[in-house]
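First up is the structure itself, then whatever we jot down about it.
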Protein chains: 2
Amino acid sequence: MKFDTVTIKDIAKALNLSTSTVSRALRGSYEISPETKKLVLEYAEQINYRPNPIALSLKERRSRAIGVVVSEIANTYFSQAINGIESIAYNKGYHVIITQSHESQEREKVNVQHLVSRSVDGLLVSLSSETSDISFFKELHEKGLPIVFFDRIPDEIETHKVVANNYQGAFDATEHLIFQGFRNIAHITSSAFLSITKERLRGYKNALEKHGIPFNETLIKHCNHGGMIVEEVEEAVNVLQKGENKPDAIFCAGDRITMVCFGIIKELKLNKELGFTGFTNTNLAHLFSPTLTAVRQPAFEIGQVAIEHLIQIIESKRPITKFETKMLDTDLVVRESSINVNKEKIKAKL
Amino acid sequence: MKFDTVTIKDIAKALNLSTSTVSRALRGSYEISPETKKLVLEYAEQINYRPNPIALSLKERRSRAIGVVVSEIANTYFSQAINGIESIAYNKGYHVIITQSHESQEREKVNVQHLVSRSVDGLLVSLSSETSDISFFKELHEKGLPIVFFDRIPDEIETHKVVANNYQGAFDATEHLIFQGFRNIAHITSSAFLSITKERLRGYKNALEKHGIPFNETLIKHCNHGGMIVEEVEEAVNVLQKGENKPDAIFCAGDRITMVCFGIIKELKLNKELGFTGFTNTNLAHLFSPTLTAVRQPAFEIGQVAIEHLIQIIESKRPITKFETKMLDTDLVVRESSINVNKEKIKAKL
DNA sequence: CTGAAAGCGCTAACAC
DNA sequence: GTGTTAGCGCTTTCAG
């Protein structure tokens, strides 16, 4: 250590002991006499000894660090989830290494490889919107690397997963719009193969079905970059607006798409005529104009549950074979943007 | 490597070479014959060999990783800065390890210690709002650890620093409010000892002075937790509102304080009577009601400049003694919140 | 041009 | 109860 030159060797030398004795004393091994222990511990304290985690990692193939892979930290959902992750990890003595895929499959892979080669003890992953091929994760997982997926999860890997109830969230949002009297509800969402996309679409469809509204494929728009590319969303809105089946409301999936789309609608001054809601975890929804009706996920808790499960796998003595998918409830917060100001509210029954 | 068992030793064995030869071949040492090199390289490629960065770090006391310490990633300023950092680091082959202090000095210290013990090659630091004692960083820096400070920088350490022109940003914002006819301008800001606080306060004062408005201490409110604690900001607004010297405008420093304060004002329905502006890098300012006049920092660029300087220090052959503080311009984006709707605009000359 | 050996900091058999 | 030694994966003298 360039900046922390104290090693176990220095202690050994100073105290006229062997490095192994010191090592054992430091970790409180039962074989060491209380006096020696005391001696070593006090001296270590005094010279401010810190074990070198790199040497430890090399030796033990573990690092007490866990790796997190998300698409981008600027997304409030993810920064909240990361805070949840940290809140637990910190207390259990794990360090958290955060990486961003920026919705790129390649970047995601590079990050994971780096994390693995750094001997992280486990991985917390939310897939990038580009990631269709998950064989890479599968291999890692089969080799025994503890992985917990959250938010955007793969079907094909058997491990713990933690998600919001995306189905219900989408169902609630859509039904709310229906209750408001909207009938032509567009849905702008992410890549078709993402788990969250499928679930939300299912919720949307079921709500329509429940209320006897025929599903119309042309009202579904996919932004494959999850809103990272503004033009994709603009295009979606434009096509919808110009189509013969012009929507009277829009329901967006995903933080980024929701925000971008909301901005576009506002730009086009379509607020008055268009009901709007979407998934977002922003804390600023009440400051908008109109204030934004939003489906909110318990991101912090999702992060917490995910890391708890991960640590459980990491610290489990025997290999885990029974995995569960934990689902947490979403919360529809109704504000102005989804209120139907034009039409009279149509009574729909629950 | 549990998940990547291929080591240099395996290659050596398979090719009937010594590990040192393989090592040298892999790194293209001039001493190795072209044939051997080719042999090794191709085989390595074939079995997908990846050097173990942990072993490397242990040996070389460097990691090709740099550590970042910010108060919280949920702050748009920081997530933008981090994206700037990553954009450069990634291309230069460095990995970025992000940590959050959550405005706690202790947490900041723990994070830095961890990063250092992981042999990061350098540190990019924006101080927590609690951090008054920087002797810890000073020691590290004196021992030779490359550190670049950005945003919240310490006076007492001689190294590269990168900041926005906080003075000018505050000056512009304040003067803008003055041009709008506001005279009793409150300033809600962070801990008094933070560099950004001082600079912004200076800008605020100078703008007042320039326009012959007397400075009034009671209009300055410090939120020592940088807006992390909502009550602090509420308290500040309340005291201002109830004071004998009620402000006609508020200028906030810092992303978090600005947002929280804006929310409070809106809650209290003070929007109409109170001019408002503040430092924030949110991309959503135009969606608010009223739309938010903001001082925006070039966060992405600040991150880029910071990492460039850091890498320059890291890779410099001789110790650097000449350090500079780079200052980037802020941008005042005028929207509705700062427009004086009650009083007639008073002509003030530039 | 290539190999043997030491060592980075630490742990864990295996002695004694 | 404590010391000796080997080894984690890699680089780097030092020999040849």
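- Nucleotide D:dC8 holds its P atom 13 Å from the CD1 atom of B:I8, rounded to whole Å.
- Note on residues 83-134 of chain A: pairs passing ring-ring contact (aromatic ring centres under 6.0 Å, His included), not counting sequence neighbours, are A:H95-B:H114, A:H114-B:H95.
- The ring pair (Phe, Tyr, Trp, His ring centres under 6.0 Å) check on A:H309 picks up A:H160, with sequence neighbours excluded.
- Contacts of A:E42 classified as salt bridge (Lys or Arg N to Asp or Glu O under 4.0 Å), with partners at least two apart in sequence or in another chain: A:K38.
- Taking atom CD of A:E60 as the reference point, atom C1' of C:dG9 lies 12 Å away to the nearest angstrom.
- Within 4.0 Å (heavy atoms only), A:L56 reaches sugar-phosphate atoms of the nucleic acid but no base atom.
- If you take CD1 of B:I47 and C1' of D:dG9, they are 14 Å apart, rounded to a whole angstrom.
- For B:R27, there are no salt bridge (Lys or Arg N to Asp or Glu O under 4.0 Å) partners two or more places apart in sequence or in a different chain.
- Judged by distance alone, the side chain of A:D121 and the main-chain N or O of A:S63 form a donor-acceptor pair under 3.5 Å.
- Under the side chain to side chain donor-acceptor pair (under 3.5 Å) criterion, A:S195 pairs with no residue at all, not counting sequence neighbours.
- Sorted pairs that involve residues 20-40 of chain A and meet ring-ring contact (aromatic ring centres under 6.0 Å, His included), not counting sequence neighbours, are lacking altogether.
- Within the model, atoms CD of A:E106 and OG of A:S101 stand 11.5 Å from one another, a figure rounded to the nearest 0.5 Å.
- Five base pairs at each end of the helix from C:dC1-D:dG16 to C:dC16-D:dG1 define two local axes, and these are offset by 50° (rounded to 10°).
- Atom CZ in A:R61 sits about 13 Å away from atom P in C:dA12, given to the nearest Å.
- For A:F137, the ring pair (Phe, Tyr, Trp, His ring centres under 6.0 Å) partners are A:F149, not counting sequence neighbours.
- Remark: C1' of D:dT11 and NZ of B:K59 are 4 Å apart, rounded to the nearest angstrom.
- Residue A:N52 contributes atom CG, which lies 14 Å from atom C1' of C:dG7 at whole-angstrom precision.
- Near-neighbour residues of DNA chain D inside residues 11-21 of chain B, defined by a heavy atom below 4.0 Å, number-ordered: B:S20.
- Taking atom NZ of B:K9 as the reference point, atom P of C:dA4 lies 13 Å away to the nearest angstrom.
- Proximity of residues 23-42 of chain B to DNA chain D (heavy atom under 4.0 angstrom from any strand atom) is restricted to B:S23, B:R24, B:R27.
- With sequence neighbours left out, A:E103 forms a salt bridge (Lys or Arg N to Asp or Glu O under 4.0 Å) with A:R152.
- For A:E72, the salt bridge (Lys or Arg N to Asp or Glu O under 4.0 Å) partners at least two apart in sequence or on another chain are A:R256.
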